[in-house]
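One structure coming up, written as structure tokens, with questions to follow.
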Amino acid sequence: MSEQLSKKRDDLLGGLVQLRFSDEAGSITDINAAEMAESLLGLVELNGQMARAGLYGEGVPPEVRVRPPEKGSFIIEAILQWSAANPEGALTMATTAGGLLTQAINVGIKVTRGGVVEDWDELNNGDVKLKWKDGSTPSQVPAGVWKELQKSKRQTRKALSRIMAPLGDEADMLEIRDGSGSETTSEILETPPDVVAGRDDYRAAVHQSDDVSEWVNEFEAEAQLRSIDFKPGEKWRIKTLHGTRSVIMEDEEFLLQLDRGMALHKNDIFDVTIREVQTTKNSRTSKVWSVIKATRKRRGEDDDNTTPSSGDSSTPEQDLAD
């Protein structure tokens, strides 16, 4: 390769495009993350467009990369800024917005890597305390956040995979810390990380089936018991305005009442809370209903179709249908 061609190649490999955003006073200190992302994506797309048009000649075109202000680890500090129209909401939070998002990321990554929540406690402040099956330190998040993480697993994994994207290339570890806007970068780095993720966590987030999704919903309804089965693991059948379906009876208090001799009559009406888990796989959808709360609302007519208690010597299955 000639000296001139070699210099041209080195200049091409070492070249950069600097984007400087500033206000009129030249004192801008932060910028909207979504807009910055759009700017970088636009640069990547334009680079590809021009490469296809022959801007860089033949061969593999250069990739757009971002370098840190200083050599070493690459730090991104995302500022979560409260709206000026809602200062009261910010002031009443016991934890900063950054702290809340960090908690959500921590739980999301734990679930993604296969962590199982064995139990959780509802706290007086509206949070839930999650107890992990592996015995690791419990996590605490708002109840609504925990519900969303369970309901929108695919969306959560997609967002986490994007956050951890550098772990699929040069980076081996991602540390996430919660900090305040008044702290400097160095001060925040002196604190232990709240979340640590590695390449395996990134792979777990991106390795998901595109054709599987799960949706969880809870609703209340009036119901009639059409058949019950006291054998462990067997399903009951109930009739509601939503249809007649097999269900899993999970209301331990209701089962205890039956065990103590509570009789069931034909046409008894119950108020029930049903948890519906809808799973779609390969365009096929299945639904599983579980009764998590059952309370008799109105007693039906007296007849001989009274169910035995679970301690009765009669057959454990009882059909209450007309």
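The analysis underlying the following values was restricted to heavy atoms, covering all of them including side chains, and did not include hydrogens, waters or symmetry mates. Throughout, numbering of the chain's residues begins at 1 and tracks the sequence.
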Out of curiosity, Lys287 NZ to Glu276 CD, how far, rounded to the nearest 0.5 Å?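 Spacing of NZ (Lys287) from CD (Glu276) equals 4.5 Å.
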
Which pair of non-hydrogen atoms, one from Arg226 and one from Thr244, has the smallest distance, and what is that distance?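 Between these two residues, the closest heavy atoms are CG-CG2, 4.4 Å.
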
Distance-only donor-acceptor check, side chains Asp127 and Gln140, under 3.5 Å: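 Side chains of Asp127 and Gln140: pair found under 3.5 Å.
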
Does a salt bridge link Arg113 with Asp200, judged by any charged N lying under 4.0 Å from a carboxylate O?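 The answer is no: the pair does not qualify as a salt bridge.
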
Could you check if a side-chain atom of Glu222 sits within less than 4.5 angstrom of a side-chain atom of Phe270, using non-hydrogen atoms only?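 No, side chains not in contact.
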
What distance separates Ile269 CD1 from Leu225 CG, expressed to the nearest 0.5 Å?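 Atom-to-atom, Ile269:CD1 and Leu225:CG are 9.5 Å apart.
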
Evaluate the side-chain proximity of Val111 to Trp132: yes if any heavy-atom separation is below 4.5 Å, no if none is.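 Touching, per the 4.5 Å side-chain cut-off.
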
Any donor-acceptor N or O pair under 3.5 Å, side chains Ser227, Trp236: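 Ser227 vs Trp236: no donor-acceptor pair found between side chains.
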
Answer with yes or no whether the side chains of Trp215 and Gln278 bring together a donor and an acceptor at under 3.5 Å.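 Note: Gln278 and Trp215 side chains miss the donor-acceptor criterion.
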
I'd like to know if the side chain of Arg203 and the backbone of Gly168 have a donor-acceptor N/O pair within less than 3.5 Å.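 Not a single qualifying donor-acceptor pair exists.
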
So do the side chains of Ile105 and Leu160 get within less than 4.5 Å of each other, counting heavy atoms only?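 SC-SC contact between Ile105 and Leu160 confirmed.
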
Would you please test Leu40 and Val44 for side-chain contact (heavy atoms from CB on, under 4.5 Å) and show each step? CA-CA 6 Å; Leu40 291 175; Val44 170; 5.6 Å; no

Applying a strict under-4.5 Å side-chain criterion to I, L, V, M, F, W and Y, I'd like to know whether Met262 and Ile228 cluster together.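 Linked within one cluster.
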
Can you name the nearest heavy-atom pair linking Leu167 to Gly198, along with the distance?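 Shortest heavy-atom contact: CD1-O, 3.4 Å.
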
Sub-3.5 Å donor-acceptor pair from the side chain of Asp194 to the main-chain atoms of Asp178, do we have one?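 Yes, because the side chain of Asp194 sits within donor-acceptor range (under 3.5 Å) of the backbone of Asp178.
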
Donor-acceptor pair, Thr191 side chain versus Ile188 backbone, under 3.5 Å?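 Here the side-chain-to-backbone pair exists.
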
Heavy-atom side-chain contact between Val272 and Asp251 under 4.5 Å: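 No, side chains not in contact.
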
Go through it in stages, so that I can follow the logic: the residues are Arg237 and Ser246, the test is side-chain hydrogen bond (donor to acceptor under 3.5 Å, both in side chains), and I'd like the CA-CA distance, side-chain angles, deciding distance and then a yes or no. CA-CA 4 Å; Arg237 286 187 67 80; Ser246 297; 3.2 Å; yes

Within the structure provided, determine whether Phe219 and Asn217 are in side-chain contact (heavy-atom separation under 4.5 Å).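 Yes. Closest side-chain heavy atoms under 4.5 Å.
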
Just by modelled atom types, is the Thr240 backbone N or O under 3.5 Å from a matching donor or acceptor in the Arg245 side chain?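 It does not hold such a pair.
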
Salt bridge (Lys or Arg N to Asp or Glu O under 4.0 Å) evaluation trace for Arg296 with Asp268: CA-CA 7 Å; Arg296 180 152 51 191; Asp268 281 354; 2.8 Å; yes

Using the rule given for side-chain contact (heavy atoms from CB on, under 4.5 Å), can you reason through Val141 versus Leu130, listing the C-alpha separation, both sets of side-chain angles and the distance that settles it, and then say yes or no? CA-CA 8 Å; Val141 292; Leu130 308 175; 4.3 Å; yes

Can you tell me if Thr184 uses its side chain to pair, donor with acceptor, with the backbone of Glu187 under 3.5 Å?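 Side chain of Thr184 to backbone of Glu187, a donor-acceptor pair under 3.5 Å: yes, one is there.
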
Give, for atom CD of Glu38 and atom CD of Glu45, the distance between the pair rounded to the nearest 0.5 Å.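 So the CD of Glu38 and the CD of Glu45 are separated by 8.0 Å.
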
Side-chain contact, heavy-atom cut-off 4.5 Å: Asn267 with Gln224?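 They are in side-chain contact.
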
With a 4.5 Å cut-off on side-chain heavy-atom distances among I, L, V, M, F, W and Y, is there a chain of contacts connecting Ile274 to Val288?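 The answer is no; the residues belong to distinct hydrophobic clusters.
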
Can you name the closest pair of heavy atoms from Ala204 and Arg157 and give their distance?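 Looking at all heavy atoms of both residues, the closest pair is O-NH2, 2.8 Å.
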
Under the side-chain contact (heavy atoms from CB on, under 4.5 Å) rule, what do Val196 and Leu174 come out as? Steps first, then yes or no, please. CA-CA 6 Å; Val196 178; Leu174 168 64; over 6 Å; no

Do Leu149 and Val107 have side chains that get closer than 4.5 Å, going by heavy atoms?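 The answer is yes, as the side chains (C-beta and beyond) meet within the 4.5 Å cut-off.
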
Ile292-Val247 co-clustered via ILVMFWY side chain contacts under 4.5 Å: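 No: no chain of side-chain contacts under 4.5 Å links Ile292 to Val247.
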
Charged N to carboxylate O under 4.0 angstrom, Lys293 versus Glu253?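 Looking at Lys293 and Glu253, the cut-off is not met.
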
Charged N to carboxylate O under 4.0 angstrom, Lys129 versus Asp121?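 So Lys129 does not pair with Asp121 through a salt bridge.
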
Shared hydrophobic cluster, Leu264 / Leu255 (ILVMFWY, side-chain heavy atoms < 4.5 Å):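 Hydrophobic grouping puts Leu264 with Leu255.
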
